[in-house]
Amino acid sequence: MIELNDVRVVVPPLRRDDDAKVLLDDVSLSLVERRVAVIGANGSGKSTLLRLLNGMRKPTSGTVSIDGLDTVKDAAGVRRAVGFVFTDPLAQLLMSTPLEDVTLSLKDLPRRERGRRAQGLLDERGLGHLAHQSIYDLSGGERQLVALTSVLAVAPRVIVADEPTTLLDLRNRLMLRRALADLPQQIIYSTHDLDFAADADRVVVIDGGRVLADGAPDEAIQTYRQAMGVHA
Ligand SMILES: Nc1ncnc2c1ncn2[C@@H]1O[C@H](COP(=O)(O)OP(=O)(O)O)[C@@H](O)[C@H]1O
Ligand SMILES: [Mg+2]
(Lines give C-alpha, C1' and ligand atoms only; values in the text may rest on other atoms or scores of the structure.)
(Ligands and ions follow the chains in the order given, each with its own letter.)
Protein backbone atom coordinates (compact mmCIF):
# COMPACT_ATOMS: atom_id res chain seq x y z
CA MET A 1 0.00 0.00 0.00
CA ILE A 2 1.12 3.51 -0.83
CA GLU A 3 0.29 6.10 1.81
CA LEU A 4 0.58 9.85 1.69
CA ASN A 5 -0.22 11.46 4.98
CA ASP A 6 -0.96 15.15 5.13
CA VAL A 7 1.73 15.91 2.57
CA ARG A 8 2.89 19.40 1.76
CA VAL A 9 5.72 20.25 -0.63
CA VAL A 10 7.08 23.78 -0.51
CA VAL A 11 10.10 25.17 -2.33
CA PRO A 12 11.93 28.22 -0.98
CA PRO A 13 11.76 31.42 -3.03
CA LEU A 14 14.41 31.91 -5.70
CA ARG A 15 14.69 35.61 -4.85
CA ARG A 16 14.56 37.08 -1.40
CA ASP A 17 11.39 39.12 -1.99
CA ASP A 18 9.39 36.24 -3.48
CA ASP A 19 7.13 33.98 -1.49
CA ALA A 20 7.83 30.31 -0.98
CA LYS A 21 6.07 28.22 -3.62
CA VAL A 22 3.59 25.56 -2.53
CA LEU A 23 3.74 22.66 -5.02
CA LEU A 24 1.46 20.30 -3.11
CA ASP A 25 -0.76 20.91 -0.12
CA ASP A 26 -3.01 18.83 2.09
CA VAL A 27 -2.54 15.59 0.16
CA SER A 28 -3.59 12.41 1.98
CA LEU A 29 -4.09 9.28 -0.11
CA SER A 30 -4.05 5.51 0.46
CA LEU A 31 -3.41 3.85 -2.87
CA VAL A 32 -4.18 0.14 -3.00
CA GLU A 33 -5.70 -0.16 -6.47
CA ARG A 34 -3.75 -1.98 -9.20
CA ARG A 35 -3.97 0.99 -11.55
CA VAL A 36 -4.18 4.58 -10.37
CA ALA A 37 -4.15 7.46 -12.88
CA VAL A 38 -3.23 11.01 -11.90
CA ILE A 39 -4.59 13.75 -14.16
CA GLY A 40 -4.51 17.54 -14.02
CA ALA A 41 -3.48 20.61 -15.97
CA ASN A 42 0.14 21.43 -16.78
CA GLY A 43 1.83 22.66 -13.62
CA SER A 44 -0.86 21.28 -11.31
CA GLY A 45 1.61 19.12 -9.37
CA LYS A 46 1.35 15.66 -10.99
CA SER A 47 5.09 15.12 -11.38
CA THR A 48 5.73 16.41 -7.88
CA LEU A 49 3.22 13.89 -6.53
CA LEU A 50 4.72 11.00 -8.51
CA ARG A 51 8.28 11.91 -7.55
CA LEU A 52 7.31 11.71 -3.88
CA LEU A 53 6.49 8.03 -4.38
CA ASN A 54 10.04 6.85 -5.06
CA GLY A 55 11.70 9.40 -2.81
CA MET A 56 13.06 11.55 -5.65
CA ARG A 57 11.29 14.37 -3.87
CA LYS A 58 10.86 14.63 -0.10
CA PRO A 59 7.74 16.01 1.53
CA THR A 60 8.33 19.31 3.34
CA SER A 61 5.87 18.06 5.93
CA GLY A 62 3.80 14.91 6.21
CA THR A 63 4.93 11.40 5.28
CA VAL A 64 4.98 9.13 2.27
CA SER A 65 5.37 5.36 2.62
CA ILE A 66 5.38 2.30 0.39
CA ASP A 67 4.39 -0.92 2.16
CA GLY A 68 5.38 0.73 5.43
CA LEU A 69 8.76 1.94 4.12
CA ASP A 70 9.12 5.67 4.68
CA THR A 71 10.52 7.47 1.61
CA VAL A 72 12.84 9.56 3.79
CA LYS A 73 13.92 7.10 6.50
CA ASP A 74 14.04 4.01 4.26
CA ALA A 75 15.08 5.72 1.03
CA ALA A 76 17.15 2.81 -0.30
CA GLY A 77 14.38 0.26 0.29
CA VAL A 78 11.85 2.55 -1.38
CA ARG A 79 14.05 2.99 -4.44
CA ARG A 80 14.26 -0.80 -4.80
CA ALA A 81 10.50 -1.21 -4.39
CA VAL A 82 9.44 1.54 -6.78
CA GLY A 83 10.54 1.76 -10.42
CA PHE A 84 10.14 5.13 -12.15
CA VAL A 85 9.39 5.59 -15.85
CA PHE A 86 9.98 9.11 -17.19
CA THR A 87 8.13 10.89 -19.99
CA ASP A 88 11.34 11.07 -21.99
CA PRO A 89 13.15 7.73 -21.94
CA LEU A 90 16.40 9.51 -22.77
CA ALA A 91 16.23 11.02 -19.28
CA GLN A 92 16.54 7.50 -17.97
CA LEU A 93 18.68 5.55 -20.42
CA LEU A 94 22.21 6.07 -19.16
CA MET A 95 24.12 3.78 -21.49
CA SER A 96 24.54 3.91 -25.24
CA THR A 97 22.79 0.65 -26.18
CA PRO A 98 19.73 -1.23 -24.85
CA LEU A 99 21.88 -4.20 -23.83
CA GLU A 100 24.29 -2.03 -21.84
CA ASP A 101 21.45 -0.15 -20.18
CA VAL A 102 19.55 -3.25 -19.06
CA THR A 103 22.84 -4.86 -17.99
CA LEU A 104 23.52 -1.82 -15.79
CA SER A 105 20.19 -2.38 -14.03
CA LEU A 106 21.20 -5.93 -13.10
CA LYS A 107 23.79 -4.88 -10.52
CA ASP A 108 22.50 -7.44 -8.02
CA LEU A 109 23.42 -10.37 -10.30
CA PRO A 110 26.96 -11.76 -10.52
CA ARG A 111 28.79 -9.81 -13.22
CA ARG A 112 29.17 -12.70 -15.68
CA GLU A 113 25.42 -13.44 -15.67
CA ARG A 114 24.26 -9.89 -16.31
CA GLY A 115 24.76 -9.71 -20.08
CA ARG A 116 22.91 -12.93 -20.86
CA ARG A 117 20.06 -12.06 -18.51
CA ALA A 118 19.78 -8.58 -20.05
CA GLN A 119 19.59 -10.09 -23.54
CA GLY A 120 16.88 -12.46 -22.28
CA LEU A 121 14.81 -9.60 -20.87
CA LEU A 122 15.10 -7.67 -24.14
CA ASP A 123 14.11 -10.83 -26.08
CA GLU A 124 11.01 -11.24 -23.89
CA ARG A 125 9.85 -7.74 -24.87
CA GLY A 126 10.54 -8.32 -28.56
CA LEU A 127 13.54 -5.96 -28.43
CA GLY A 128 16.32 -8.54 -28.76
CA HIS A 129 17.25 -7.48 -32.30
CA LEU A 130 17.86 -3.92 -31.05
CA ALA A 131 20.22 -4.93 -28.24
CA HIS A 132 23.31 -3.36 -29.82
CA GLN A 133 21.71 -0.42 -31.60
CA SER A 134 22.43 3.09 -30.36
CA ILE A 135 19.58 4.30 -28.14
CA TYR A 136 19.57 7.46 -30.28
CA ASP A 137 18.66 5.38 -33.33
CA LEU A 138 15.62 3.78 -31.71
CA SER A 139 12.09 5.03 -32.31
CA GLY A 140 10.33 6.74 -29.43
CA GLY A 141 8.24 3.65 -28.78
CA GLU A 142 11.24 1.31 -28.81
CA ARG A 143 13.11 3.65 -26.49
CA GLN A 144 10.25 3.77 -24.00
CA LEU A 145 10.05 -0.06 -24.06
CA VAL A 146 13.80 -0.32 -23.42
CA ALA A 147 13.43 2.10 -20.50
CA LEU A 148 10.58 -0.02 -19.16
CA THR A 149 12.69 -3.18 -19.54
CA SER A 150 15.50 -1.58 -17.54
CA VAL A 151 13.08 -0.53 -14.81
CA LEU A 152 11.49 -4.00 -14.66
CA ALA A 153 14.90 -5.72 -14.57
CA VAL A 154 15.17 -5.09 -10.85
CA ALA A 155 11.66 -6.50 -10.22
CA PRO A 156 10.11 -3.49 -8.47
CA ARG A 157 6.79 -4.02 -6.69
CA VAL A 158 5.38 -0.71 -7.87
CA ILE A 159 5.83 1.19 -11.13
CA VAL A 160 5.43 4.97 -11.20
CA ALA A 161 5.16 6.36 -14.73
CA ASP A 162 5.09 10.12 -15.35
CA GLU A 163 3.24 10.77 -18.63
CA PRO A 164 4.86 7.71 -20.22
CA THR A 165 2.91 8.04 -23.50
CA THR A 166 3.05 11.81 -24.01
CA LEU A 167 5.92 11.72 -26.53
CA LEU A 168 4.56 8.73 -28.45
CA ASP A 169 2.46 8.56 -31.61
CA LEU A 170 -0.95 6.89 -31.54
CA ARG A 171 0.27 3.41 -32.37
CA ASN A 172 3.08 3.48 -29.81
CA ARG A 173 0.78 4.99 -27.22
CA LEU A 174 -1.55 2.02 -27.59
CA MET A 175 1.41 -0.38 -27.60
CA LEU A 176 2.75 1.07 -24.34
CA ARG A 177 -0.71 1.04 -22.75
CA ARG A 178 -0.95 -2.67 -23.56
CA ALA A 179 2.56 -3.35 -22.25
CA LEU A 180 1.70 -1.62 -18.96
CA ALA A 181 -1.71 -3.30 -18.74
CA ASP A 182 -0.03 -6.73 -18.84
CA LEU A 183 2.31 -6.05 -15.91
CA PRO A 184 1.57 -7.63 -12.53
CA GLN A 185 2.88 -4.57 -10.64
CA GLN A 186 0.78 -1.86 -9.09
CA ILE A 187 1.10 1.13 -11.45
CA ILE A 188 0.60 4.79 -10.62
CA TYR A 189 0.73 6.93 -13.76
CA SER A 190 0.02 10.46 -14.87
CA THR A 191 -1.37 11.25 -18.29
CA HIS A 192 -3.19 13.83 -20.40
CA ASP A 193 -4.76 11.02 -22.42
CA LEU A 194 -8.19 10.68 -20.84
CA ASP A 195 -8.79 7.29 -22.51
CA PHE A 196 -5.61 6.02 -20.90
CA ALA A 197 -6.75 7.53 -17.58
CA ALA A 198 -10.06 5.70 -17.95
CA ASP A 199 -8.17 2.35 -18.01
CA ALA A 200 -7.37 2.90 -14.32
CA ASP A 201 -9.26 1.52 -11.33
CA ARG A 202 -9.06 4.93 -9.71
CA VAL A 203 -8.38 8.45 -10.95
CA VAL A 204 -6.93 11.25 -8.83
CA VAL A 205 -7.39 14.79 -10.19
CA ILE A 206 -4.80 17.35 -9.07
CA ASP A 207 -5.50 21.05 -9.33
CA GLY A 208 -3.20 23.75 -8.01
CA GLY A 209 -1.32 21.26 -5.83
CA ARG A 210 -4.44 19.86 -4.19
CA VAL A 211 -6.63 16.82 -4.79
CA LEU A 212 -9.68 18.12 -6.64
CA ALA A 213 -11.35 14.76 -7.21
CA ASP A 214 -10.54 11.15 -6.42
CA GLY A 215 -12.52 8.06 -7.26
CA ALA A 216 -14.09 6.11 -10.10
CA PRO A 217 -12.59 7.11 -13.49
CA ASP A 218 -15.84 8.31 -15.10
CA GLU A 219 -16.75 10.72 -12.33
CA ALA A 220 -13.23 11.99 -11.67
CA ILE A 221 -12.60 12.60 -15.39
CA GLN A 222 -15.91 14.43 -15.66
CA THR A 223 -14.92 16.67 -12.74
CA TYR A 224 -11.62 17.40 -14.47
CA ARG A 225 -13.36 18.31 -17.75
CA GLN A 226 -15.68 20.68 -15.91
CA ALA A 227 -12.78 22.27 -14.02
CA MET A 228 -11.04 22.84 -17.38
CA GLY A 229 -14.19 24.39 -18.79
CA VAL A 230 -14.68 21.60 -21.32
CA HIS A 231 -18.34 20.65 -21.57
CA ALA A 232 -18.47 17.71 -23.91
N1 LIG B 1 12.07 22.48 -7.94
C2 LIG B 1 11.11 23.37 -8.19
N3 LIG B 1 11.24 24.65 -7.84
C4 LIG B 1 10.28 25.55 -8.08
N5 LIG B 1 9.13 25.25 -8.67
C6 LIG B 1 8.93 23.99 -9.05
C7 LIG B 1 9.89 22.97 -8.84
N8 LIG B 1 9.40 21.81 -9.32
C9 LIG B 1 8.20 22.08 -9.81
N10 LIG B 1 7.89 23.39 -9.64
C11 LIG B 1 6.63 24.05 -10.01
O12 LIG B 1 5.60 23.37 -9.36
C13 LIG B 1 4.43 23.32 -10.16
C14 LIG B 1 4.01 21.89 -10.35
O15 LIG B 1 4.97 21.23 -11.14
P16 LIG B 1 4.80 19.73 -11.61
O17 LIG B 1 4.65 18.85 -10.44
O18 LIG B 1 5.95 19.44 -12.53
O19 LIG B 1 3.43 19.81 -12.43
P20 LIG B 1 2.84 18.88 -13.58
O21 LIG B 1 3.64 17.62 -13.61
O22 LIG B 1 1.41 18.67 -13.20
O23 LIG B 1 2.95 19.65 -14.86
C24 LIG B 1 4.78 24.04 -11.44
O25 LIG B 1 4.33 25.35 -11.34
C26 LIG B 1 6.30 23.99 -11.48
O27 LIG B 1 6.82 25.08 -12.17
MG1 LIG C 1 4.69 16.72 -15.09
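Values below: all heavy atoms of this structure, side chains included; hydrogens, waters and symmetry mates excluded. Ligands are counted one by one from 1 in listed order, and the atoms in each one are counted from 1 as well.
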Would G45 count as being in polar contact with ligand 1, using the rule that some N or O on each side must be under 3.5 angstrom apart?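 Checking ligand 1 against G45, an N or O pair does fall under 3.5 Å apart.
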Polar proximity ligand 1 side, S47 side, N/O cut 3.5 Å exclusive: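 By distance alone, the answer is yes.
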Please determine whether any non-hydrogen atom of R57 lies less than 4.0 Å from an atom of ligand 1. yes
Heavy-atom contact check, 4.0 Å cutoff: does S44 meet ligand 1? yes
Scan L50, T71, V158, I2 and name whichever one has a side-chain contact (heavy atoms from CB on, under 4.5 Å) with V82.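 Result for side-chain contact (heavy atoms from CB on, under 4.5 Å) with V82: V158.
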Which bit of A41 is near ligand 1, meaning a heavy atom under 4.0 Å away: side chain, backbone, both or neither? backbone
Residue part near ligand 1, for L23, under 4.0 Å between non-hydrogen atoms: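 For L23, the contact with ligand 1 is made by the side chain alone.
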Look at R177 together with D199 and state whether they make a salt bridge at an N to O cut-off of under 4.0 Å. yes
Can a salt bridge be assigned to the pair R210 and D25 using a cut-off of 4.0 Å between side-chain N and carboxylate O? yes
Identify the closest protein heavy atom to [atom]: which residue and atom is it, and at what distance?
| atom | answer |
| --- | --- |
| atom 4 (C) of ligand 1 | V11 CG2, 3.5 Å |
| atom 25 (O) of ligand 1 | K21 NZ, 3.5 Å |
| atom 13 (C) of ligand 1 | G43 O, 3.5 Å |

Any idea which atoms of ligand 1 are less than 4.0 Å away from a heavy-atom of T48?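 Answer, ordered by atom number: 15 (O), 16 (P), 17 (O).
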Contact atoms of ligand 1, heavy-atom distance to N42 under 4.0 Å: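 Checking each atom against N42, I get 23 (O).
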Kindly compute the distance separating CG (L29) from CE (M1), expressed to the nearest 0.5 Å. 12.0 Å
Heavy-atom pair with the smallest gap, counting every atom of A118 and T103: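 Heavy atoms only, the tightest pair is CB-OG1, 3.4 Å.
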Verdict with reasoning, E3 to S30, per side chain to side chain donor-acceptor pair (under 3.5 Å): CA-CA 5 Å; E3 286 222 79; S30 296; 3.0 Å; yes
Taking atom CG of D137 as the centre, does the number of heavy atoms from other residues, nucleotides or ligands within less than 6.0 Å exceed 12? yes
Return yes when at least one N/O/S atom of N42 is nearer than 2.8 Å to the Mg ion (ligand 2), and no when none is.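 Not a single backbone or side-chain N, O or S atom of N42 is under 2.8 Å from the Mg ion (ligand 2).
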Is V211 linked to V22 within one hydrophobic cluster, defined over Ile, Leu, Val, Met, Phe, Trp and Tyr using a side-chain heavy-atom separation of less than 4.5 Å? no
